[in-house]
Amino acid sequence: MPIQAIHGNERRHSLFVPALEGAMIGGAAGFVGKYALPLTEEEKLTEAYKDKMAVINGEKTTYTYHTKRYLHDIKTKPNKTLAEDEFVKLFDGMKKGDPIKIKKSAIRNAILNLQQKSPEQVPAFKSLCKKSLNVAENVAKDAKHFYDLFTKHYRPTGFFVATGAIVGTFVAVAHDLMKTEIKTLSN
């Protein structure tokens with residue numbers, strides 16, 4: 001038969017520590033959730049977001065800093081190929097902000113010129129054209145990603161942290177109570 005005096009002197013169980021730990025973990029998870037959750041439809045439907053996405057999509061077909069840098073990298077190569085030279089000529093006379101509207105006839109003329117001078121350069125020219133489109137797409141994709149992150153930054157931090165802390169507290173207390181209850185039942 002157990003002696004009551006020994007059981008009566010056991011340290012009393014406190015829910016404060018598990019609740020505090022749960023609140024801290026939940027608050028941190030809420031903060032991470034602010035940036036991890038995808039944008040909602042309401043966030044995507046704001047005028048600022050739609051305007052910025054239109055600008056980003058428009059820059060894919062506009063002569064920008066990225067276009068200039070890409071062409072500069074090709075121009076400054078020590079041993080430029082004929083295909084690279086023809087590709088760079090397509091952009092001659094363009095300046096920042098100009099729409100890139102290279103006529104199909106200009107591309108055809110460049111290909112015909114290459115076929116006459118060096119037919120083996122035609123695939124390289126076509127590859128350069130395709131690669132430049134991929135570069136423009138990747139720059140736009142990166143810009144969209146960063147603007148999405150920027151939009152998430154304006155979400156209310158307090159809401160996410162508080163919600164996470166409350167949920168974390170309830171989960172930690174429920175877990176601790178169930179753990180304590182199991183210990184009590186097993187004795």
Side-chain angles (χ1 to χ4, degrees), residues 6-74 91 94-102 127-187:
I6 293 175
H7 287 290
N9 287 334
E10 284 183 356
R11 200 172 133 231
R12 296 195 185 269
H13 184 73
S14 171
L15 291 177
F16 180 73
V17 173
L20 184 62
E21 288 174 350
M24 289 177 14
I25 293 169
F31 183 77
V32 169
K34 172 183 173 178
Y35 293 99
L37 293 172
L39 291 178
T40 64
E41 287 303 314
E42 292 82 18
E43 289 170 321
K44 290 180 181 180
L45 292 175
T46 62
E47 286 301 314
Y49 187 84
K50 288 194 286 188
D51 289 346
K52 190 61 177 177
M53 288 300 122
V55 167
I56 290 170
N57 286 327
E59 285 182 355
K60 288 192 284 190
T61 57
T62 304
Y63 192 90
T64 63
Y65 163 77
H66 299 290
T67 314
K68 184 177 179 179
R69 189 180 70 192
Y70 182 73
L71 292 173
H72 178 73
D73 289 347
I74 294 173
F91 295 89
M94 289 188 186
K95 58 185 183 272
K96 186 177 177 184
D98 288 348
I100 299 176
K101 293 189 177 180
I102 300 171
S127 175
L128 270 172
C129 292
K130 184 173 251 183
K131 184 179 176 190
S132 69
L133 289 174
N134 289 340
V135 167
E137 285 291 329
N138 288 337
V139 167
K141 188 171 96 176
D142 288 345
K144 287 178 183 179
H145 171 73
F146 287 121
Y147 193 73
D148 284 353
L149 190 62
F150 179 75
T151 304
K152 290 175 182 181
H153 180 69
Y154 280 99
R155 288 174 170 172
T157 304
F159 171 76
F160 284 93
V161 171
T163 304
I166 291 168
V167 171
T169 301
F170 283 127
V171 169
V173 168
H175 177 263
D176 191 63
L177 287 175
M178 291 177 71
K179 186 171 68 173
T180 305
E181 189 64 32
I182 290 171
K183 279 184 186 176
T184 306
L185 291 175
S186 66
N187 287 340

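The shown structure was predicted, so the numbers you read here are calculated from the model rather than taken from an experiment.
Tyr65 meets the side-chain contact (heavy atoms from CB on, under 4.5 Å) test with Arg69; sequence neighbours excluded. Evaluation of the side-chain contact (heavy atoms from CB on, under 4.5 Å) rule for Met24 yields Leu20 as partners, not counting sequence neighbours. Judged as a side-chain contact (heavy atoms from CB on, under 4.5 Å), and not counting sequence neighbours, the contacts of Asn57 are Lys60, Lys144. Taking Phe91 as the reference, Phe87 meet the ring-ring contact (aromatic ring centres under 6.0 Å, His included) condition, with sequence neighbours excluded. Shown here are the side-chain contact (heavy atoms from CB on, under 4.5 Å) partners of Ala19, two or more places apart in sequence or in another chain: Thr169, Val173.
Summarising the geometry, atom NE2 belonging to His66 is positioned 9.0 Å from atom CG belonging to Asp142; distances are rounded to the nearest 0.5 Å. For the atom pair CG (Asp176) and CZ (Phe16), the distance works out to 13.5 Å, reported to the nearest 0.5 Å. Annotation: the span from Phe160 atom CZ to Lys152 atom NZ amounts to 10.0 Å, rounded to 0.5 Å. The distance from atom CE of Met94 to atom OG1 of Thr62, rounded to the nearest 0.5 Å, is 10.0 Å. The line from OG of Ser132 to CD1 of Ile102 is 7.5 Å long, rounded to the nearest 0.5 Å. Put simply, NE2 on His145 and CG on Asn138 are 13.0 Å apart, with the number rounded to the nearest 0.5 Å.
Contact record, Ala172 with Pro18: CB-O, 3.2 Å, taken as the closest heavy-atom pair.
A heavy-atom distance below 4.5 Å is found between the side chains of Lys50 and Glu47. Here the side chains of Ile56 and Phe146 are not in contact, with every heavy-atom distance at 4.5 Å or above.
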Verdict with supporting geometry, Thr46 and Thr151, side chain to side chain contact (heavy atoms under 4.5 Å, CB included): CA-CA 10 Å; Thr46 62; Thr151 304; over 6 Å; no
Under 3.5 Å donor-acceptor pairs involving side-chain atoms of residues 25-42, not counting sequence neighbours:
residue : atom : partner : partner atom : Å
Lys34   : NZ   : His153  : O            : 3.2
Lys34   : NZ   : Arg155  : O            : 3.2
Lys34   : NZ   : Thr157  : OG1          : 2.4
Tyr35   : OH   : His153  : ND1          : 2.9
Thr40   : OG1  : Glu42   : OE1          : 3.4
Thr40   : OG1  : Glu43   : N            : 3.2
Thr40   : OG1  : Glu43   : OE1          : 3.4

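Using a distance-only test at 3.5 Å, with no hydrogens or angles considered, a donor-acceptor pair links the side chain of Asp98 to the main chain of Lys95.
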